[in-house]
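Notes follow once the structure below has been shown.
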Amino acid sequence: MKRALITGVTGQDGSYLAELLLGKGYEVHGVIRRSSTFNTARIEHLYKDPHEKDNSFHLHYGDITDGVGISNLVRDLEPHEIYNLAAQSHVKVSFEMPDFTAQVDAVGTIRLLEAIRAAKIDTKFYQASTSELYGSTPPPQTELSLFAPQSPYAAAKLYSYWVVRNYRDAYGLHATNGILFNHESPRRGETFVTRKISLAAARIKLGLQSKLYLGNLDAVRDWGYAPEYVESMWRMLQQEIPDDYVIATGVGATVRDFCEASFSTLGLDYRDFVVTEDRYKRPTEVDALIGDSSKAERLLGWKSKVHWKELAEIMVNSDWERVSNKQI
């Protein structure tokens with residue numbers, strides 16, 4: 001039985017990845033941060049009593065900022081695969097918490113790489129990279145496009161990208177960067193723009209909210225479906241030779257487009273409810289991110305199926321059901 005270690009297992013991607021790996025017969029270990037309140041809602045359906053003999057899903061307290069704890073965990077588990085999904089992943093927040101973002105998103109990665117090197121184990125490492133690396137570089141963006149980060153988040157992730165490549169070249173680690181473009185789902189955090197939109201549409205339709213306040217409606221993004229994207233992560237680590245891959249739909253849409261699709265799903269006109277405010281705009285904006293994942297299609301056999309419009313409908317319908325049933 002293969003063992004996988006997932007940092008960031010309680011997040012959107014971590015929960016879908018854990019499901020995928022368990023379905024493939026893996027023994028899955030996830031790292032969760034100690035908190036006085038539970039933050040495991042996305043993975044509760046996977047959790048079993050640890051005393052059960054057939055339990056293949058295990059949680060460990062830890063933090064990517066704790067190098068000693070991470071090293072001990074890697075040494076003790078000797079995982080066949082490690083997926084580093086832990087991050088301070090909100091771009092706007094990274095301007096307000098740049099030091100913390102760097103400690104988690106940049107230094108956290110080298111802590112894991114050093115843990116692998118020190119333990120001298122044969123493991124494959126996946127680093128969750130991001131389309132934000134490209135910043136002001138015009139689309140379409142490929143693995144060969146210029147990096148031009150426009151936020152502390154993107155700069156921290158750029159450090160991780162290059163240190164993964166360095167450890168791959170210097171120490172022969174099987175280390176891969178997955179440059180994933182925006183990917184969403186009903187499990188997306190409520191502070192991210194797509195989920196803000198889908199949840200607001202449902203709440204407004206039910207008379208629980210009157211307005212939705214957003215920033216730049218003209219920003220273009222390449223939005224895909226998270227469950228499909230975690231499949232690409234696994235496929236990357238099944239390759240004999242480590243490499244870096246762009247994962248995207250190749251189809252762009254504006255925030256305004258996503259608003260229109262989301263509200264129209266419930267028979268609403270977004271223009272009656274959406275208000276723009278400067279407080280939600282970034283100090284340095286990224287105008288357009290649209291990826292070209294032809295390399296992943298060619299080498300991994302991966303291709304997106306769900307594009308932004310269908311994604312908006314999936315998210316709105318999910319939030320409509322949950323709000324209607326007073327689950328949120």
Step by step, would you call Y225 with T249 a side-chain contact (heavy atoms from CB on, under 4.5 Å)? CA-CA 9 Å; Y225 190 36; T249 71; over 6 Å; no
For S136, all residues meeting side chain to side chain contact (heavy atoms under 4.5 Å, CB included), sequence neighbours excluded: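 Partners of S136 by the side chain to side chain contact (heavy atoms under 4.5 Å, CB included) criterion, ordered by chain and then number, come out as A148, Q150.
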Would you please name every residue forming a side chain to side chain contact (heavy atoms under 4.5 Å, CB included) with A226, sequence neighbours left out? Q12, D13, Y16, H183, S185
Can we say [X] and [Y] salt-bridge, meaning some charged N sits less than 4.0 Å from an Asp/Glu carboxylate O?
{"X": "K92", "Y": "E96", "answer": "yes"}
{"X": "D66", "Y": "R34", "answer": "no"}
{"X": "R117", "Y": "E114", "answer": "yes"}

Is it true that atom CG of L208 has more than 12 heavy atoms of other residues, nucleotides or ligands lying nearer than 6.0 Å?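 Count over threshold, so yes.
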Salt bridge (charged side-chain N to carboxylate O under 4.0 Å, His left out) with R203: which residues, sequence neighbours excluded?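 R203 satisfies salt bridge (charged side-chain N to carboxylate O under 4.0 Å, His left out) with no residue once adjacent residues are dropped.
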Looking at residues at least two apart in the chain, or sitting in another chain, which of them share a salt bridge (charged side-chain N to carboxylate O under 4.0 Å, His left out) with K196?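 Once residues adjacent in sequence are excluded, K196 has no partner under the salt bridge (charged side-chain N to carboxylate O under 4.0 Å, His left out) criterion.
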Write out all pairs satisfying ring-ring contact (aromatic ring centres under 6.0 Å, His included) with one or both partners inside residues 142-161, taking only residues at least two apart or from two chains.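 Applying ring-ring contact (aromatic ring centres under 6.0 Å, His included) to every pair that reaches into residues 142-161, excluding sequence neighbours, yields Y134-F147, F147-Y161.
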State plainly whether one hydrophobic cluster holds both F125 and L237, where clusters connect Ile, Leu, Val, Met, Phe, Trp and Tyr through side-chain heavy atoms under 4.5 angstrom apart.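 The answer is no; the residues belong to distinct hydrophobic clusters.
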Verdict with supporting geometry, I204 and D272, side-chain contact (heavy atoms from CB on, under 4.5 Å): CA-CA 11 Å; I204 288 171; D272 296 331; over 6 Å; no
Distance, nearest 0.5 Å, that separates CG of L173 from CZ of R165: 15.0 Å
In Å and rounded to the nearest 0.5 Å, what is the OG to CD1 distance from S198 to I314?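 So the OG of S198 and the CD1 of I314 are separated by 11.5 Å.
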Quick one: which of E143, K295, M236 gives a side chain to side chain contact (heavy atoms under 4.5 Å, CB included) with D243?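 The side chain to side chain contact (heavy atoms under 4.5 Å, CB included) with D243 is passed solely by K295 among E143, K295, M236.
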Identify whether NZ of Lys or CZ of Arg in K24 sits under 6.0 Å from the centre of the six-membered ring of W234 and within 45° of that ring's axis.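 Yes, a cation-pi geometry holds between K24 and W234.
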Going through the distances and angles, do I43 and F57 end up as a side-chain contact (heavy atoms from CB on, under 4.5 Å)? CA-CA 10 Å; I43 56 173; F57 185 53; 4.1 Å; yes
Let's go through F181 and S293 carefully: what are the C-alpha distance in whole Å and the side-chain angles of both, what is the deciding distance for side-chain contact (heavy atoms from CB on, under 4.5 Å) to 0.1 Å, and is it a yes or a no? CA-CA 10 Å; F181 280 60; S293 58; over 6 Å; no
Pairs involving residues 304-324, ordered by first then second residue, that meet salt bridge (Lys or Arg N to Asp or Glu O under 4.0 Å) (sequence neighbours left out): R195-D319
